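One structure is given here, and the rest of the page talks about it.
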Amino acid sequence: MINVRIFVTYKESVFDPQGETITEAIHSLGHDEVKQVHVGKFFDVQVDSSNKTVEKTIAEISEQLLVNFNLETYRYEIMEEA
Amino acid sequence: MINVRIFVTYKESVFDPQGETITEAIHSLGHDEVKQVHVGKFFDVQVDSSNKTVEKTIAEISEQLLVNFNLETYRYEIMEEA
Amino acid sequence: MKIAVVVFPGSNCDVDLYEALHTVCHADVEYVSHKQKNLTGFDAVMLPGGFSYGDYLRSGAIARFSNIMPAIVEFANEGKFVFGTCNGFQILTEAGLLPGALKKNNSLKFVCKEIELKVTNNQTPFTTQYKMGEHINLPIAHADGSYYAEKEVLEELEKNGQVVFRYMNENPNGSLNDIAGITNKKGNVLGMMPHPERAVEALLGNEDGLRLFKSLLANGKKKEEAAR
Amino acid sequence: MIATEMSPQEIKSKKPYLEWGLSEKEYNYICEKLLKRLPNYTETGLFAVMWSEHCSYKKSKPVLREFPNKNERVLQGPGEGAGIVDIGDGQAVVFKAESHNHPSAVEPYEGAATGVGGIIRDIFSMGARPIAALDSLHFGEINQARTKYLINEVVAGIGGYGNCMGIPTVGGEMTFDECYTGNPLVNAMCVGLMEQKDMQVGRAQGLGNAVMYVGAKTGRDGIHGATFASADFSDEKETQRSAVQVGDPFMEKLLMEACLELTNKHADWLVGIQDMGAAGLASSSCEMASKAGSGLELTLDNVPQREPEMSAYEIMLSESQERMLLCIRAGFEEKVKKLFENYGLEAVVIGRVVKGHQYLLKHKNSIVADIPVSSLTDDVLEEESQEKMPERILQAGKVKNWIPQVSDATEILEKMLQQPTIASKRMFTQTYDSQVRTNTVVGPGSDAAVLRVRGTKKALAMTTDGNGRFVYLDPKIGGKIAVLEAASNLVASGALPLALTDCLNYGDPNDPEIYWELHESVLGMAAACRVLNTPVISGNVSLYNENNGEAIYPTPMVGMVGLVKNIKHIISSFVQHQGDLVFIVGDTEQDFAGSELQKMITGQIKGHLNQINLEKISLRMMRLLKAMEKGLVVSAHDLSEGGLAVALAETTFGTKHGINLKINLSSEELFSETAGRFIVTVTPENQKQFLNEMQGEATYAGKVTNDKKLIVAYNGGQLDLDLQKAEGLWEEAIPCLMKSKD
Ligand SMILES: Nc1ncnc2c1ncn2[C@@H]1O[C@H](COP(=O)(O)OP(=O)(O)O)[C@@H](O)[C@H]1O
Ligand SMILES: [Mg+2]
């Protein structure tokens with residue numbers, strides 16, 4: 001078993017209303033030291049495979065399902081072998 | 001500037017319908033080697049402060065706003081000094 | 001009895017609550033901006049449905065930092081009537097005036113339809129005109145209505161009779177114990193996902209929500225008379 | 001980050017404008033006749049977008065002139081954000097439809113969501129409170145993962161935006177045909193209500209008056225795809241960037257409330273207001289100046305920007321959402337700023353109305369455009385288009401039409417109720433908040449949606465309809481049918497059709513056959529509009545709907561609004577009591593070409609359509625409406641896809657009733673799709689008076705029963721449908737298809 005964490009974020013130029021609204025809320029709480037908040041999601045995926053094929057699995061499920069390439073990009077980290 | 005990534009996940013006892021749905025969808029794509037998917041969100045926060053006070057800021061905005069302790073827990077990583 | 005309908009940025013059922021109270025029940029009701037800091041002169045406050053702050057982050061999470069919230073908390077602590085429907089319910093839980101939290105529906109989809117409910121406590125100021133155990137129909141319209149609380153909290157709620165409405169036949173969102181609406185321990189704060197304000201006129205096909213407002217108005221009047 | 005812009009000379013030699021959609025002929029005309037010099041980069045970009053079909057209607061304008069657009073009720077016809085119709089008591093209804101087909105094909109959630117957002121802005125820019133949204137969706141058959149994904153995302157996008165705005169999505173239509181697989185149609189309509197005294201226009205006039213920008217900041221969203229192609233991004237960087245527009249319904253909700261406060265309470269501060277839609281700041285500002293014959297000077301540095309280092313070209317062409325442009329009387333700028341601030345929004349002065357008729361843009365201390373306003377809006381080279389009747393239509397007229405054979409009508413009906421175009425759409429419509437604002441008397445799932453007008457006895461009925469199959473077989477007759485069907489839906493609900501809006505969805509107009517289809521169908525629609533006295537008050541054109549060279553069916557969508565004089569006259573489409581008499585209004589002919597039956601049995605759409613008698617059907621509808629207003633009608637349902645048999649079953653769904661009929665039709669005719677027919681139920685007491693009103697147009701057929709059975713004795717047989725079972729099949733058909741693996 002290998003645990004992988006896939007991070008999905010908006011591409012650079014995509015408008016992120018959520019991040020914007022949260023930043024404002026943080027400022028209204030008085031935390032002006034916080035300059036910017038970006039929101040992303042991550043998927044913790046448990047894969048039953050060898051190190052070799054895990055990369056292929058991750059690329060496939062990301063591209064087919066987890067990531068919307070019109071707006072998002074992804075990165076992943078192999079966390080540990082469970 | 002310090003970049004911090006705050007990870008928010010459901011507590012273990014909380015049912016995560018999204019993780020479940022995604023796992024099913026991955027299986028229907030034929031990826032049976034994927035055993036389990038958990039979904040979380042993260043906030044990339046840019047803080048204008050020293051290393052000392054950044055922890056306080058992060059704890060405060062997480063506890064006041066970013067995390068609902070009825071359901072969720074959080075962890076964070078200081079990424080780098082920008 | 002004077003009632004406040006709070007308007008948050010992104011509230012959108014404020015009009016519905018107002019009209020139900022004003023036009024249908026002929027009650028004394030006023031809109032109150034989230035920017036105001038006090039609720040003097042009001043006897044009840046209502047938090048409408050909608051998408052306060054776009055429901056970005058979590059439903060109701062940002063609204064609870066509005067200027068008006070401390071006044072609402074004080075209001076609730078004084079035992080005055082506080083009512084939240086849909087997004088209003090979500091705000092009340094985020095603010096800690098009601099226990100637990102509302103998660104994404106199990107279907108992961110927004111759902112708007114009429115559902116059957118059971119009145120499981122008719123001793124609250126909001127439900128005295130319903131019969132105990134009565135089945136009623138009310139519309140729901142939400143994406144985040146799955147009620148969650150930890151085991152001990154749920155046991156508390158059940159023991160104290162704080163569960164006021166429960167889904168019958170079909171649980172539309174995955175709420176634990178089929179919970180559709182709860183009160184605080186004192187019973188003066190009610191939060192519920194269904195929309196009674198959408199069910200007050202025969203023309204629109206349903207009047208089952210009307211008695212909730214009538215109960216409240218009657219109990220408000222009683223309270224006023226007792227105070228005199 | 002900015003790629004160095006080409007000089008006017010380089011533009012002339014490298015011709016980047018070809019990629020931006022400007023032809024060499026147009027470019028030369030601009031250089032030689034309009035400017036008498038070479039346009040710079042920004043100016044060329046402005047011409048390219050303003051002269052695009054989307055903004056200038058250069059291809060479709062000659063055809064659009066065929067539509068009637070005036071009558072005694074029309075207060076505002078085409079040419080503004082939306083059309084306006086008088087509904088009495090000093091009130092008016094405002095509506096328009098818009099297509100977002102191409103954005104939705106690429107990014108279905110955001111494409112559909114921003115389509116809804118755009119049409120809502122058109123409504124409140126007129127000073128009207130949006131009260132309802134509708135959609136018209138056409139997808140491929142539900143048999144591919146991609147199509148299912150498109151359906152789910154488009155529906156989620158429409159609901160996501162409307163629900164958050166608190167505008168109920170009350171109706172619409174959804175059909176499925178192979179031809180829409182690669183090019184789905186996503187059309188949205190919005191209806192608003194206003195006091196006539198609050199009517200606004202999109203004009204910028206009055207020397208020295210301020211041009212103010214409100215709403216979201218400008219980013220590089222949706223800029224003419226060519227921008228990215230022309231700028232020098234490495235491949236890797238390209239994948240890091242996106243030009244897709246993202247909607248922010250929360251921002252739009254604030255913007256709407258603020259604009260409505262401005263238009264309804266402070267009209268004296270305001271000269272004009274317009275939303276920034278297609279081609280953003282460029283089109284909104286020069287249209288506002290053009291309509292008023294003014295000159296405009298804008299300082300682009302003052303435009304609120306989300307991204308660093310934006311060029312003038314990018315600022316002007318950005319299609320960032322949730323933005324409005326105002327013209328404010330000089331001296332009231334601060335008041336306007338305060339008003340918007342109160343909603344957490346920024347209002348910024350970005351320019352002034354100036355002398356003359358020039359369009360003058362400044363950026364970073366230099367002049368980036370200096371051209372006559374009218375050169376962008378009025379001097380467009382209208383294009384002669386070639387027209388040719390398609391071979392298939394020529395041939396179809398010569399061949400005998402297909403005649404079906406139905407041996408087991410019950411089985412065919414059961415199957416037909418499961419065809420996606422006919423089956424229940426509830427799994428989608430229940431994800432729309434159809435009730436918010438508590439005016440929805442009749443929501444999704446009926447002939448038309450009906451909303452009461454609070455504080456009056458009136459109600460408004462609304463519907464969207466389109467049937468590409470008929471238009472494909474015969475554009476002119478198909479166009480008539482599209483309008484008739486919308487009107488029938490309104491009449492069935494007890495409403496008088498007032499006016500219509502449309503989205504004209506077609507393939508590539510440079511193909512003479514497609515241009516012919518466009519022209520013919522508009523002629524057909526226009527003819528029906530004249531007979532029904534329902535002018536076209538707004539609309540939208542979407543061309544180039546093709547995939548791999550295959551065009552969609554020509555699919556004009558009709559959005560219509562009707563007035564119910566008294567809420568007591570709102571008529572349900574569902575049967576109400578046992579013992580009520582069932583009448584069929586209108587005659588049934590052999591109309592099987594383009595029918596659901598034809599598609600189901602043969603898998604094809606073929607043949608020629610029979611002529612339509614518009615006057616006769618119109619008269620029939622008015623008689624029926626009169627009977628309704630006299631209280632003689634209990635329920636009414638118009639007959640469309642699947643004909644009489646399907647309509648009969650539909651009128652019983654959700655009730656505890658059945659129907660028992662005996663009719664003089666063949667088993668095949670039960671499924672014929674002759675236009676302009678209704679099923680009506682009437683109490684026995686009112687029978688005589690009803691028949692009197694209908695003057696021979698209504699035929700008695702049977703009774704409403706108390707068991708869940710549909711029994712129809714026809715010539716030579718009997719249909720015997722278990723309605724409980726049938727309703728289950730109808731309800732589950734789409735969820736089942738959506739779930740199944742391919
Ligand atoms: N098919 C049509 N029928 C009638 N009016 C139309 C049609 N297409 C466009 N119009 C009118 O032309 C004007 C410009 O339309 P459009 O460019 O879609 O406006 P916007 O950019 O505000 O969305 C509008 O007043 C619209 O109502
Ligand atoms: Mg517009």
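Since the model is a prediction, treat every value here as computed from it, not as a measurement. Numbers restart at 1 for each chain; the letters A, B, ... are given by sequence-line order, proteins then strands.
For the salt bridge (charged side-chain N to carboxylate O under 4.0 Å, His left out) condition, no pair includes a residue of residues 13-32 of chain A, sequence neighbours left out.
Under the rule for a side chain to side chain donor-acceptor pair (under 3.5 Å), A:His38 has no partner lying at least two apart in sequence or in another chain.
Side chain to side chain, B:Thr57 and A:Glu33 meet the donor-acceptor criterion of an N or O pair below 3.5 Å.
Heavy atoms closer than 4.5 Å to chain A are found in both the backbone and the side chain of B:Ile22. With a threshold of 4.5 angstrom between heavy atoms, A:Leu66 approaches chain B through side-chain atoms but not through N, CA, C or O. Heavy atoms closer than 4.5 Å to chain A are found nowhere in B:Thr23, neither backbone nor side chain. Residue contact with chain A, scored on non-hydrogen atoms closer than 4.5 Å, involves the side chain of B:Gln64 exclusively.
Chosen from A:Ile61, A:Val4, A:Ile58, the residue pairing most often with chain B at heavy-atom distances under 4.5 Å is A:Ile61.
In this structure a side-chain-to-backbone donor-acceptor pair under 3.5 Å is missing from A:Lys41 to A:Ile6.
The cationic atom of B:Arg5 (NZ for Lys, CZ for Arg) lies less than 6.0 Å from the six-membered ring centre of A:Phe7 and within 45° of the ring axis.
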